[in-house]
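Quick notes on the structure that follows.
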Amino acid sequence: MRNIYMRQVRLNNGVWMPVVGLGTYSSENDSETTQQAVRMALQMGYRHFDTAKIYGSEPALGNALRSAISDRMIQREDVFVTSKLWSSDHHDPVSALEETLQKLGLEYVDLYLVHWPVKLKPGVLNPVPGEEDFDILDLESTWLGMEKCLAMGLCRCIGVSNFSSRKVQQILDFATVPPAVNQVEMHPMWRQRKLREVCRKHNIHVSAYSPLGAPGNCWGSTAVVDHPILKSVALKHKATPAQVALAWGMSKGSSVIVKSFNQRRMKENIGALHLALDDSDTLKIQKMEEWKIMRGDFFTNETTSPYRTIQDLWDDEI
Ligand SMILES: NC(=O)c1ccc[n+]([C@@H]2O[C@H](COP(=O)([O-])OP(=O)(O)OC[C@H]3O[C@@H](n4cnc5c(N)ncnc54)[C@H](OP(=O)(O)O)[C@@H]3O)[C@@H](O)[C@H]2O)c1
């Protein structure tokens, strides 16, 4: 990769991934706004973009990247693009990724993730599925499909998302290609200590989504960025609480996938690359109460889901 601006991490298959990624989930899903934000992000030095079929942002992201490539602002290999297999596509990851690539207008993605350890019936696009929408989860056949995507050159890396330590272990039990990444909720109030330890042992990179606690999202919270401890650390470093949250994630060896479509906040967020926290900051942050925001209740039920409760879904890591 030719990019000189962005710090990168080397994944277990030798592929380099920029440590700050721009999230593209927005409830409005306005194509023009997303394209403008991606363009601005490229100008600021962002080189990693996160999308998913279920976000509906693949076409806008693809348009913005292709237009930047045709303007010679970047080359394809300068950017790292992640997308995700939606739960109703577990039966055929290859076709799902081909559809994603068509929407992006790209020949490959850099990283393709199993979005959730949940299988829904083909065609179910409701992020909050009904009981009738669940199918029987078979992680082994899903992972075989992901490995096929890799072998076909449709992606450079494969990984998982929202997987507990136990589910990571399950995948490793049958994987020919181990996951390169586990993308999970992680921020100063949900620190993922155990999962990080397990993933480190198996050389799986942990990528942090909602690294600010998703302030401004309907399901998110301002609890992280408004926390007095983050505010005091920010004051000490003449930084902002958001920058402290992002710097904390990176200090744990994680990449951070942060969404902003606002020019000032996008600059602020990428500026976290210049903030180094010291041990006393980390110790303070370690004392913050823990609270998971994305709980996944919508994937649990008493009848058809493999998970009756959120404790089942996260294997008690909640
Ligand atoms: N794998 C998964 O299951 C999963 C789940 C959730 C998210 N993700 C990915 O991770 C990305 C980021 O997660 P997220 O969007 O949930 O949460 P987030 O990045 O923690 O927070 C985004 C929210 O914070 C606001 N914001 C951004 N920078 C800010 C700053 N410096 N100060 C104050 N507010 C700020 C944004 O609004 P403005 O745009 O107005 O700045 C937006 O409302 C998503 O876009 C998506 O790509 C993946």
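FYI, the numbering just counts along the sequence from 1. For ligands, and for the atoms within them, numbers begin at 1 and follow the listed sequence.
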For G216, take its heavy atoms, then give the atoms of ligand 1 lying under 4.0 Å from any of them.
-> 43 (O)

Return yes or no for this condition: an N or O of A214 is under 3.5 Å from an N or O of ligand 1.
-> yes

Evaluate the criterion side chain to side chain contact (heavy atoms under 4.5 Å, CB included) for residue pair D110 and V15; output intermediate values, then yes/no.
-> CA-CA 9 Å; D110 296 275; V15 171; 5.7 Å; no

Numbering the atoms of ligand 1 from 1, which are under 4.0 Å from a heavy atom of H115?
-> 1 (N), 2 (C), 3 (O)

What atoms of ligand 1 come closer than 4.0 angstrom to any heavy atom of T24?
-> 45 (O), 47 (O)

Validation row, ring centre F174 to ring centre W143 under 6.0 Å | no

Does the ring of F261 carry K259 above it, NZ/CZ under 6.0 angstrom from centre and within 45° of its axis?
-> yes

Give yes if a backbone or side-chain nitrogen or oxygen of V225 is under 3.5 Å from a nitrogen or oxygen of ligand 1, and no if not.
-> no

Is the gap between the ring centers of W116 and W314 under 6.0 Å?
-> yes

Under 4.0 Å, heavy atoms only, figure out whether ligand 1 is touched by the backbone of K84, its side chain, both or neither.
-> side chain

Does ligand 1 have an atom under 4.0 Å from some heavy atom of G220?
-> no

Enumerate the atoms of ligand 1 whose separation from the nearest heavy atom of V258 is less than 4.0 angstrom.
-> 19 (O)

Decide if atom CD of Q311 counts as having more than 12 heavy atoms of other residues, nucleotides or ligands within a radius under 6.0 Å.
-> yes

Does any N or O atom in S260 lie less than 3.5 angstrom from one in ligand 1, N or O only?
-> yes

Look only at interatomic distance and state if N262 has a nitrogen or oxygen under 3.5 Å from any nitrogen or oxygen of ligand 1.
-> no

Just going by heavy-atom distances, which of S26, P215, C218, G23 is nearest to atom 24 (O) of ligand 1?
-> P215

For atom 2 (C) of ligand 1, which of F49, W116, Y209, Y25 has the closest heavy atom?
-> Y209

Backbone N/O of S165 and side chain of E317: donor-acceptor pair under 3.5 Å = yes

Relative to ligand 1, is N269 under 4.0 angstrom through side chain, backbone, both or neither, heavy atoms considered?
-> side chain

Looking at the rings of H115 and Y55, which for Trp means the six-membered one, are their centres under 6.0 Å apart?
-> yes

In terms of atom number and element, which parts of ligand 1 are under 4.0 angstrom from non-hydrogen atoms of F261?
-> 39 (O)

R76 NZ/CZ over Y108 ring centroid, <6.0 Å and within 45° of normal = yes

So between S83, S207, S210, whose heavy atom ends up nearest atom 14 (P) of ligand 1?
-> S210

Tell me: protein heavy atom nearest atom 47 (O) of ligand 1, and distance?
-> D50 OD2, 2.7 Å

Atoms in ligand 1 flagged as close to G213, the criterion being non-hydrogen separation under 4.0 Å | 20 (O)

In the protein, which heavy atom is nearest to atom 40 (O) of ligand 1, and how far is it?
-> R265 NH2, 2.9 Å

